[in-house]
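Report on the structure given below.
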There are 4 protein chains.
Amino acid sequence: MPSPRLFRLDPDKRAAIFSAAAEEFATHGFEGASYNRIIERAGVSKGAMYYYFDDKADLFTTVVTDVFDQLEKDLPPPPPEVSAAAFWRSVHGHIDCIIRYGRENPTYVALMRATHEFEYSGVTDVAVKEVCKKSRERIERFLRDGQQVGAVRGDLPLSLLVELVFVLDRTVGHWIAERLDELTSEDLSRAGRMLCDQIKRVLRPADSHHGRDGRSVKSTP
Amino acid sequence: MPSPRLFRLDPDKRAAIFSAAAEEFATHGFEGASYNRIIERAGVSKGAMYYYFDDKADLFTTVVTDVFDQLEKDLPPPPPEVSAAAFWRSVHGHIDCIIRYGRENPTYVALMRATHEFEYSGVTDVAVKEVCKKSRERIERFLRDGQQVGAVRGDLPLSLLVELVFVLDRTVGHWIAERLDELTSEDLSRAGRMLCDQIKRVLRPADSHHGRDGRSVKSTP
Amino acid sequence: MPSPRLFRLDPDKRAAIFSAAAEEFATHGFEGASYNRIIERAGVSKGAMYYYFDDKADLFTTVVTDVFDQLEKDLPPPPPEVSAAAFWRSVHGHIDCIIRYGRENPTYVALMRATHEFEYSGVTDVAVKEVCKKSRERIERFLRDGQQVGAVRGDLPLSLLVELVFVLDRTVGHWIAERLDELTSEDLSRAGRMLCDQIKRVLRPADSHHGRDGRSVKSTP
Amino acid sequence: MPSPRLFRLDPDKRAAIFSAAAEEFATHGFEGASYNRIIERAGVSKGAMYYYFDDKADLFTTVVTDVFDQLEKDLPPPPPEVSAAAFWRSVHGHIDCIIRYGRENPTYVALMRATHEFEYSGVTDVAVKEVCKKSRERIERFLRDGQQVGAVRGDLPLSLLVELVFVLDRTVGHWIAERLDELTSEDLSRAGRMLCDQIKRVLRPADSHHGRDGRSVKSTP
DNA sequence: GATGAATGAGTGTTCATTCAT
DNA sequence: AATGAATGAACACTCATTCAT
């Protein structure tokens, strides 16, 4: 956990640290990132850095958590009414929000990706796992609501659906980020609709129209 | 590029090198991986390693290429007949093949994931990009065929569809890998069908049934 | 020298500092000890510490001096009567006192040992040397008294005898400290008598009974 | 454990490393010693050092072991005949040998002292403990032989007697080392006799002449 | 053809200490 | 009087790579 001093620190300095760290971690992943490089780019002394953060992992966790929290804060509240339509409207709202956030903070999108990778890798940090878990739980609650109004299929493990949504979002996000310069604002909102559609396709309950494949994965659900 | 000497090397030694490298890279990513650790675990001399491979990047590329090639070799040939049904049958065949491969080489699945991440990161290596590009082109050709028989939507950029297929596969692959012990052989083929279904959902052309969302992202495609 | 402010400090705080320092120095020696760790464990601010003590060496010296002084304060007064018997009785009194002190302050025993080592090492601090010198002078005066009443041999350099007494005490002290849990109170007083006996053996003048060895080391005493 | 490469190393280089390490450890103790300083003074590269030794502890242990082994190699064999006189003659032989060794390698004497301290401190290394244990066991066997011929008292725990012998030797050794320049060769052999006498005093069985003090420490021996 | 000794810049982290407040 | 933020040199150790043999 970062020292409380961090929050007493000049916001500009703190921003400089977070930005330098986010960029380094996003570019090189956790293990590949150089603490020294971050320190140098943030323009702080070595000692100061260790005054704010316990170690490299702590810095990573703190920055990642911050990014996730920042995003989450902007997300719209859960839908007041309960219906499939309301559910999808809410999904759309979330996606718009996320895309907008990503457009304004491309580095943070990359950082989120790096975080996810890190989580998948063999050297996962406990604190990072926590951040990811929180993030997943949020989606899980969301999907559960979707299942109750019949918007989300119930024949697949939630954990898998969560992962799919996670990854669809990241993939489209990355695809967008790579073409950010050439996309108009109109393109972006179209991209939002497209992503929403894709998620809908993935989550929608199986019906006669689409065949009977992939009903359930585990024999004992 | 690895030295031609590599291919004259005792296959067991070569396998030891590849296996050690794959594991290290899969666990730590490219930058986080330790060349020394690989050398040590492979049980070869330091000089020998630099005798076979130019450097760390070369080893990485070589191993990754090998894994991709290995997999590709096993993939079924493109469907002889051309029809939507044949296309999906072929997709299913591919997926079964990939899942089988992943079950037998879990390390390689992790390595592929690591490769993908590496590609996404900011420090992409030219050679690795080449491997990934080749792999993507294969999918792209596939999807183009699918489009011709009306199995794959044509209203989204191919590059995005390729990415989505890529990532769906990896996600389900990882989801499976994490639960490999608890899944029966029957579960696995069910998972194959499920993944196929998901890909179908993602690729299928938009129709009246599913609304008009996400028609196209770029205004001038 | 510590600032006079130290003595105006809340005794509890001061005790906390001394205790933390004693433990750290005892465990790691002077050079190995971490000033930061001491500060942290004492629960005082960094500035405060440098407000009370000049530096690490000053803290060390102060604490060590305190421990020596504490012990010395409890030691019995020199024997009023002058005779060999009175001398040995006094020695015994001292030893009992020291053993009791050590039992109650095992950390301080370790600290004394660490001090001694430090003195032996190549980086001796002037102030510490002073403390040790004072302590040695005390023993020296004692031994000189013993010589006058014929209780202590006169054929060896006093400095050597002092060292031997010093070290016998520390060795038995350490031996006891290591087994403190298993020794009864009775064992302890037996240990006191034993140590006294050992010191007597070492100091007693050479006589015909014990041979002529070790008469004198330096040809010109 | 040091790498076997160490023993393939140019003896001069190895000696340089050992000497630099011995001096540094002797002067600063284990924790206080600077690996960097040793490397610098030994005139080897950083990498090379870690090529020979696992880490700082390994270097310490290796050097210490070497010193102990060196000394031990020179020690005279155990006495052929068994009698108190032979025992004491053997003790004398050992002491002469040790004093001679110390005169020629004053650094190593200091290192031995540092080792002992280190062992006493709270952060003992397993390997170092092993070296000390071996050394103690040697003395213990010796004393046991002495007890059998009635030369050594049996009323005190052997572990304590061992410690006392250990420490007497070190103390006299240090006392000599400090005055090495002013002592003639004759002084040295006189010192040897003196130390032998002191050890005799400490070990000799209690007899009527010396009173009944210190018979046994533990109530249940 | 193949080795493994050697390198020194790099790693993340801790150090004793200072000084503006 | 007292704080705690800040420093940068030093710490033990690892890195990818070279090269004489």
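Just so we're on the same page: letters track the sequence lines, and every chain starts at 1. Computed from heavy atoms alone, side chains included, the values below leave out hydrogens, waters and symmetry copies.
Rounding to the nearest 0.5 Å gives a distance of 13.0 Å between NZ of D:Lys13 and CG of D:Leu6. The structure places CG of B:Leu59 at 7.5 Å from CZ of B:Phe18, a figure rounded to the nearest 0.5 Å. A distance of 11.0 Å separates CD in A:Glu24 from CD1 in A:Ile39, rounded to the nearest 0.5 Å.
Nearest-nucleotide mapping onto DNA chain E: of D:Gly43 and A:Glu31, the residue sitting toward the 5' end is D:Gly43. Two residues, A:Tyr35 and C:Arg37, neighbour DNA chain E, and the one matched to the more 5' nucleotide by heavy-atom proximity is A:Tyr35. Remark on DNA chain F: of its neighbouring residues A:Ser45 and D:Ala57, the 5'-side contact belongs to A:Ser45, judged by nearest-heavy-atom nucleotide. Heavy-atom distances to DNA chain F give each of A:Gly47 and D:Asp55 a nearest nucleotide, and the one nearer the 5′ end belongs to A:Gly47.
The separation between B:Phe60 atom CZ and F:dA16 atom P is 14 Å, rounded to whole Å. The CE atom of D:Met49 sits 19 Å away from the C1' atom of F:dC15 (whole-angstrom rounding). For the pair A:Lys56 NZ and E:dG10 P, the interatomic distance rounds to 16 Å; values are reported in whole Å. Rounded to whole angstrom, the span from the CZ atom of A:Phe7 across to the C1' atom of F:dG4 amounts to 17 Å. The interatomic distance linking C:Leu6 (CG) with F:dA1 (C1') rounds to 14 Å, in whole Å. E:dT14 atom P lies 12 Å from atom CD1 of A:Ile39, rounded to whole Å. Atom pair C:Asn36:CG and E:dC15:P shows a separation of 5 Å (rounding to whole Å applied). We find that NE2 of D:His28 is positioned 11 Å from P of F:dA12, with the value rounded to whole Å.
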Discussion item. With side-chain contact (heavy atoms from CB on, under 4.5 Å) as the criterion, how do C:Lys46 and C:Met49 come out once you've worked through the C-alpha distance, each side chain's angles and the decisive distance to 0.1 Å?
Written reply: CA-CA 5 Å; C:Lys46 216 148 218 184; C:Met49 210 67 172; 5.9 Å; no

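The aromatic rings of A:Phe25 and A:Phe30 sit parallel, their planes meeting at an angle under 30°, below the 60° perpendicular limit.
For the residue pair C:Arg5 and C:Tyr51, a side-chain donor N or O sits within less than 3.5 Å of a side-chain acceptor on the partner. For the residue pair B:Gln70/B:Asp66, the side-chain donor-acceptor check at 3.5 Å is satisfied.
For E:dG10, the OP1/OP2 oxygens have no side-chain nitrogen or oxygen of A:Ser34 closer than 4.0 Å. When the side-chain nitrogen and oxygen atoms of C:Arg5 are compared with OP1 and OP2 of F:dA1, one or more of them lie within a distance under 4.0 Å. Taking 4.0 angstrom as the limit, B:Tyr51 places a side-chain polar atom (N or O) nearer than this to OP1 or OP2 of E:dG1. Residue C:Tyr50 places at least one side-chain N or O closer than 4.0 Å to OP1 or OP2 of E:dT17.
Contacts of A:Ala33 with the nucleic acid, taken as non-hydrogen atoms under 4.0 Å apart, involve only primed sugar atoms and P, OP1 or OP2.
Between the D:Ser135 side chain and the D:Val131 main chain, no donor and acceptor come within less than 3.5 Å of each other.
A stem is defined here as three or more consecutive Watson-Crick or G-U pairs, each with both distances under 3.5 Å; for DNA chain F these stems are E:2-21 with F:2-21.
A donor-acceptor contact under 3.5 Å is formed by the side chain of A:Lys46 with the base of E:dT13.
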